[in-house]
Q: 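What follows is a structure written as structure tokens; I'll ask about it next.
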2 protein chains.
Amino acid sequence: MSTRARVRASAVAVFGRDGLGASLRAIAAEAGLTAGRIVQLFGSKEELRRECDEHVFGVIREAKRDAMVRAHGSATTLEHLAMIDEYVPYVAYVARSVQAGGEQARAFIDHMVEDALDYVGDAVAAGTLLPSRDERARVRYLTESSLGHLALRLSFDAPQSAEELRSSMRAHIDAIMLPALELYTQGFLVDRRMLDAYLLYVGDPPESEQAASA
Amino acid sequence: MSTRARVRASAVAVFGRDGLGASLRAIAAEAGLTAGRIVQLFGSKEELRRECDEHVFGVIREAKRDAMVRAHGSATTLEHLAMIDEYVPYVAYVARSVQAGGEQARAFIDHMVEDALDYVGDAVAAGTLLPSRDERARVRYLTESSLGHLALRLSFDAPQSAEELRSSMRAHIDAIMLPALELYTQGFLVDRRMLDAYLLYVGDPPESEQAASA
DNA sequence: GCCGCCTCTAAACGCATGTTTAGGAGGGTA
DNA sequence: TACCCTCCTAAACATGCGTTTAGAGGCGGC
């Protein structure tokens, strides 16, 4: 394993655990060298982050593809990956990188959205997901919400070690699974009044789908 | 308006716009004095933040109560407040403070959850909201998700002025309203299989409510 | 043996931060 | 006038950061 790769791995772990504000010296300590050396290797902290982004996003995308194959076709969310210890550091990194903003993170979200659009389109066609009036907006909403939620959790828990990171992640999943599934299967509003009122407000016809009133 | 109050107002505005990492000098410039003076007035940056938290959370809570009265009983979310220009800085501050963590923010989330539990309980009893198997978990999930989402948006948009903050907030609301309402009224899964599988997995009976199988 | 190269460290540098310190300006009071 | 108190600034200070620099140490090639 090259020094570069080792430093990058340490950086991903430390960034994921402490956030992108983590110091080069903290990463250097984790990787067993000095901060100066990291700059020599990568040029700057920002370029190190760029490489971490690229690497992590690649790992995540491949993991999702793998998981989809293993689950014969059903799509995988980040939360699914977060349940696998092996992927916890990567998922944490994604949340923290996305939270820190920057071009790379924006690109990653866009890519996740595009990927998910495919899956969702297929699932809608197959009849397992309800269609949306704006598929892209829905997918983006769900993606950003879950990422933002996870980022919030990590900020709050402020895990001090890889172990604490894992247990924080597990607690997060445990806390959201039931309400998320409930919400996903039935929502929580008993009727369409608020939705129809909004559709009317934005000028869309409230649909003749089922119960057209207005 | 006392100097303290003026500084606190500037701090809320700057923290909301730039995040809690904003420097005392930036706040001082906004308030028309020096960083040293702020420390003399508040003791430390952390105490300044504590006072901002307290003040903002009070404003938000009162605003929600007001809005609930005006809307004769129907509960108000942070997103509702975010649509009113006057409250934009406060909503932004809440998102950034909560994202930064700390005791005060944790307490605020807890308080929001408890408040919402009341409203949701009433609405369930009144038949406008579907019940949940775990009301507290549901309310917490929704609260944290929307706050996290908003925090993510602000991190990404990085508004440079109060104007940009307002337009960022407005864009956020515009982007989420439709998918959120769709999700809230119907979810997106066509059947209960995932939910039932999970209920089985955690040992809860999948309910005899409607379609009991297993 | 010596040169060159690569890896790496230790120390320094410049900068921004929160905080402290010394003191100035103005107003009220004796 | 002299004193004091409050509000405030300007400068200094300590700290931590990313980054730069000078050089040490090992190792292969000629």
Side-chain angles (χ1 to χ4, degrees), chain A residues 1-56 93 96-97 99-105 155 158-160, chain B residues 1-56 93 96-97 99-105 155 158-160:
Chain A
M1 196 180 193
S2 76
T3 303
R4 266 187 84 91
R6 184 164 42 93
V7 170
R8 197 186 54 198
S10 299
V12 168
V14 172
F15 279 147
R17 164 161 49 82
D18 301 346
L20 278 265
S23 73
L24 285 184
R25 285 168 174 84
I27 296 166
E30 183 85 10
L33 36 62
T34 58
R37 187 80 248 269
I38 295 184
V39 174
Q40 288 174 344
L41 282 169
F42 291 88
S44 71
K45 188 187 186 183
E46 207 189 315
E47 286 196 43
L48 170 61
R49 189 210 157 172
R50 213 166 306 151
E51 286 207 27
C52 289
D53 277 1
E54 210 162 321
H55 178 243
V56 168
Y93 180 92
R96 308 218 95 135
S97 175
Q99 178 173 48
E103 218 33 62
Q104 203 75 204
S155 281
Q160 305 282 328
Chain B
M1 196 179 193
S2 76
T3 304
R4 267 187 84 90
R6 186 164 40 94
V7 170
R8 196 187 54 197
S10 298
V12 168
V14 172
F15 279 146
R17 166 160 48 82
D18 301 347
L20 280 264
S23 74
L24 284 184
R25 284 167 177 84
I27 296 167
E30 183 86 9
L33 35 62
T34 58
R37 189 79 249 271
I38 296 184
V39 174
Q40 287 174 345
L41 283 168
F42 291 88
S44 70
K45 189 188 185 182
E46 206 188 315
E47 286 196 42
L48 169 62
R49 189 210 156 173
R50 212 166 305 150
E51 287 208 26
C52 289
D53 277 2
E54 210 162 321
H55 178 242
V56 168
Y93 180 91
R96 307 219 95 135
S97 174
Q99 177 173 50
E103 217 35 63
Q104 203 76 203
S155 280
Q160 307 281 327

Q: Between A:T3 and C:dC8, is there a side-chain N or O to OP1/OP2 distance below 4.0 Å?
A: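 Indeed, a polar side-chain atom of A:T3 lies that close.
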Q: From the list C:dC8, C:dT19, C:dT17, which nucleotide is the closest neighbour of the side chain of A:L33?
A: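 Of all the options, the side chain of A:L33 is nearest to C:dC8.
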Q: When you measure from the side chain of B:R37, which nucleotide among D:dC7, C:dT9, D:dT19 comes out closest?
A: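 The answer is D:dC7.
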Q: Under a 4.5 Å cut-off applied to non-hydrogen side-chain atoms, are B:S97 and B:R49 in contact?
A: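 SC-SC contact between B:S97 and B:R49 confirmed.
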Q: For D:dT9, does the base pair up with any side-chain atom of B:Q40 as donor and acceptor (N or O, under 3.5 Å, distance only)?
A: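 In this structure, the two groups form a donor-acceptor pair.
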Q: Heavy atoms from C-beta onward define the side chain here; which of C:dT19, D:dA10, D:dT19 lies closest to that of B:T34?
A: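 Of the options given, the side chain of B:T34 lies nearest D:dA10.
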Q: Starting at CG of B:L41 and ending at C1' of C:dG18, how long is that distance when rounded to a whole Å?
A: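 It works out to 15 Å between those atoms.
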Q: CD1 of B:I38 versus C1' of D:dC7: gap in Å, rounded?
A: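 Rounded to whole Å, this separation is 14 Å.
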Q: Base, sugar-phosphate, or nothing: which does A:S23 touch, judged by heavy atoms less than 4.0 Å apart?
A: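 Answer is sugar-phosphate: A:S23 comes under 4.0 Å of backbone atoms only.
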Q: Heavy atoms from C-beta onward define the side chain here; which of D:dC8, C:dT20, D:dA12 lies closest to that of B:R25?
A: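 In terms of side-chain proximity for B:R25, the closest of D:dC8, C:dT20, D:dA12 is D:dA12.
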Q: I'd like to know if A:E46 and A:R50 make a salt bridge, using a cut-off of under 4.0 Å between side-chain N and carboxylate O.
A: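 Answer for the salt bridge query: yes.
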Q: Measure the distance from CZ on B:F15 to C1' on C:dT17 and round it to the nearest whole Å.
A: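 Going from CZ in B:F15 over to C1' in C:dT17 covers 13 Å.
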